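Here is the naming used below: chain letters follow the sequence lines, and residue numbers restart at 1 for every chain. Computed from a predicted structure; not experimentally measured.
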Number of protein chains: 2
Amino acid sequence: MPGTEIEGRYSYQYPHPAVTVDCAIFGLDEDKLKLLLIQRDLEPFAGSWALPGGFVRMDEDLEAAARRELEEETGVRKVFIEQVGAFGKPSRDPRERVITVAWWAIVNLYEHPVKADTDARNAAWFPVDELPPLAFDHRDILDTALGSLRGKVRREPLAFEFLPRKFTLTQLQRFYETVLGETLDKRNFRKKALSYGILSELKEYEIGVAHRAARLYSFDKPSWNRLRKAGGSFSV
Amino acid sequence: MPGTEIEGRYSYQYPHPAVTVDCAIFGLDEDKLKLLLIQRDLEPFAGSWALPGGFVRMDEDLEAAARRELEEETGVRKVFIEQVGAFGKPSRDPRERVITVAWWAIVNLYEHPVKADTDARNAAWFPVDELPPLAFDHRDILDTALGSLRGKVRREPLAFEFLPRKFTLTQLQRFYETVLGETLDKRNFRKKALSYGILSELKEYEIGVAHRAARLYSFDKPSWNRLRKAGGSFSV
DNA sequence: ATGCATTCGTGTAGTATATACACTATTATA
DNA sequence: TATAATAGTGTATATACTACACGAATGCAT
């Protein structure tokens, strides 16, 4: 049954590989970009940390499979998710041929705090620049995912998927500095960030800080949609 | 055997989907961006045009599978190829579950003319803006591939994968105008293209034209490597 | 041989965008 | 009330982008 005459010209019988999805789940925590990892309890790589993932079901879309894994792991439903690509070196799993379709996702830890290490399974958030060795080819996958995340952050207002609904311009700046790994000039940053007209200045200020309180802003999605339709982008 | 306890926490037995590779093969011909398509002779979609593709073998890397298909179809070995991503809607093939990993590739039709329609199988080059209806979800795949190609062309000197080894600046400009779908100012284009220092001015001119002959240039790869290492990009 | 049609090749001025840079204002706390 | 910490603001310079027109070279038709 498997493989027979699929795609027309090829009629020899191929055995089928297993197909999984793996997710690089990013979040912003204490001004650091963090990644959710799971500690494996079975061989191979028992004890190693790995990207959460699992099998694609036979009647399930790839994105649906990724979202299902994501929700099982974090409890969060509507998140930003994007495909990284397929990884399929024949030797990537020592047991049998497994092709994985990798995704990256953003969970907003301010709106949906995900307490990773409290449940039975051993899961934890790691700063992306202090990761333990990863199982399988997950380091490759992560590096690709990080590249894809950074590229997207440069061109689209993804920052607001990470930040609280009300944020200060300094928080916004810190985010870009953290994710892009470069320092930015305060005045130029504010000038540019505001110039797109997609930030609403609120009449509120941060509270509980031991210095002058900063004004809060929120992301104005309608303005961004208008700007995008007009061919605009958003890069700081 | 399939699916058992793979990835640790999941131990139920999954049937495995078939996995294929499909290739969007681009080339430049008569100042037009063209795509190589194959006419299917079997159901489903018999008679329709489709992206060339086929099964991934059990011991074969995904990229190797794509390159094998590519060579079977065009006879060309060393081409630029990049993954588009995985496509896996459960209904995309009416016979059984097939997940495809799509790739796009560039063949240089000046250096390796691929006479598509001469062999037994019915294959042909189509201008990307005059494509026939495509089989399966190949239209989706192609649109994604085109987006990926255009993005890459904006940032990296991919133009030279399409053009003859010796080319005129007008040819180069036409390429960008064709692929990016916008007209460019001649003087500004030349100024900018030359400013990166990755084009070598040759002492040769085009021949056989019924007007003033244009100077020929070639792409200086070492210069590009130096520029790239220094963090530079290439965008016209 | 001459004129025609066609493409090649070139520079400048104006505008917009990006960069560099330092001090006063506000608030909590000691 | 002094201190420590961060917020908030403007200008001058350099760089990059845009718009724009005409003489030079060549094959071809007459």
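Taking the six-membered ring where the residue is Trp, the centroids of Phe167(B) and Tyr217(B) are separated by 6.0 Å or more. In this structure, Trp224(B) has its ring center at least 6.0 angstrom away from the ring center of Phe160(B). Under the 6.0 Å cut-off for aromatic ring centres, Phe175(B) and Phe162(B) qualify, their centroids lying closer than that.
Base engagement by Lys191(B) is indicated by at least one non-hydrogen atom pair under 4.0 Å involving a base atom. At a threshold of 4.0 angstrom between heavy atoms, the contacts of Arg215(A) are confined to the sugar-phosphate backbone, with no base atom among them.
A heavy-atom distance below 4.0 Å to DNA chain D is reached by these residues of residues 165-185 of chain A, ordered by number: Thr170(A).
Between Lys89(A) and Asp61(B) there is no salt bridge, since no side-chain nitrogen of the basic residue lies less than 4.0 Å from a carboxylate oxygen of the acidic one. Look at Glu63(B) and Arg67(B) and you find a salt bridge, because one of the NZ, NE, NH1 or NH2 atoms lies within 4.0 Å of a carboxylate O, short of that distance. Salt bridge status for Arg174(A) with Glu177(A): present, with a side-chain N to carboxylate O gap under 4.0 Å. Between Lys34(A) and Asp29(A), at least one side-chain nitrogen of the basic residue sits less than 4.0 Å from a carboxylate oxygen of the acidic one, meeting the salt-bridge criterion.
Atom-to-atom, CG of Asn188(A) to C1' of dG8(D) comes out at 14 Å; the value is rounded to the nearest Å. Between Arg190(B) atom CZ and dC20(D) atom C1' there is a gap of 16 Å when expressed in whole angstrom units. For Arg187(A) and dT11(D), the CZ to C1' distance is 9 Å, given to the nearest whole Å. If you take CZ of Arg212(B) and C1' of dC22(D), they are 12 Å apart, rounded to a whole angstrom. dT6(D) atom P lies 6 Å from atom NE2 of His211(A), rounded to whole Å. With rounding to whole Å, Phe189(A) atom CZ is found 12 Å from dA7(D) atom P. Across the protein-nucleic acid pair, Lys186(B) atom NZ and dT18(D) atom C1' stand 17 Å apart, rounded to whole Å. When rounded to the nearest whole Å, the span between OH of Tyr205(B) and C1' of dA24(D) equals 12 Å.
Within the 3.5 Å criterion, the main-chain N or O of Arg77(B) finds no donor-acceptor partner in the side chain of Glu71(B).
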Checklist entry - When you look at Arg150(A) and Glu182(A), which way does the salt bridge (charged side-chain N to carboxylate O under 4.0 Å, His left out) test go after all the steps? => result CA-CA 12 Å; Arg150(A) 293 204 171 104; Glu182(A) 49 189 309; over 6 Å; no

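Interface limits on DNA chain C: the 5'-most and 3'-most nucleotides within less than 4.0 Å of chain A heavy atoms are dA18(C) to dA28(C).
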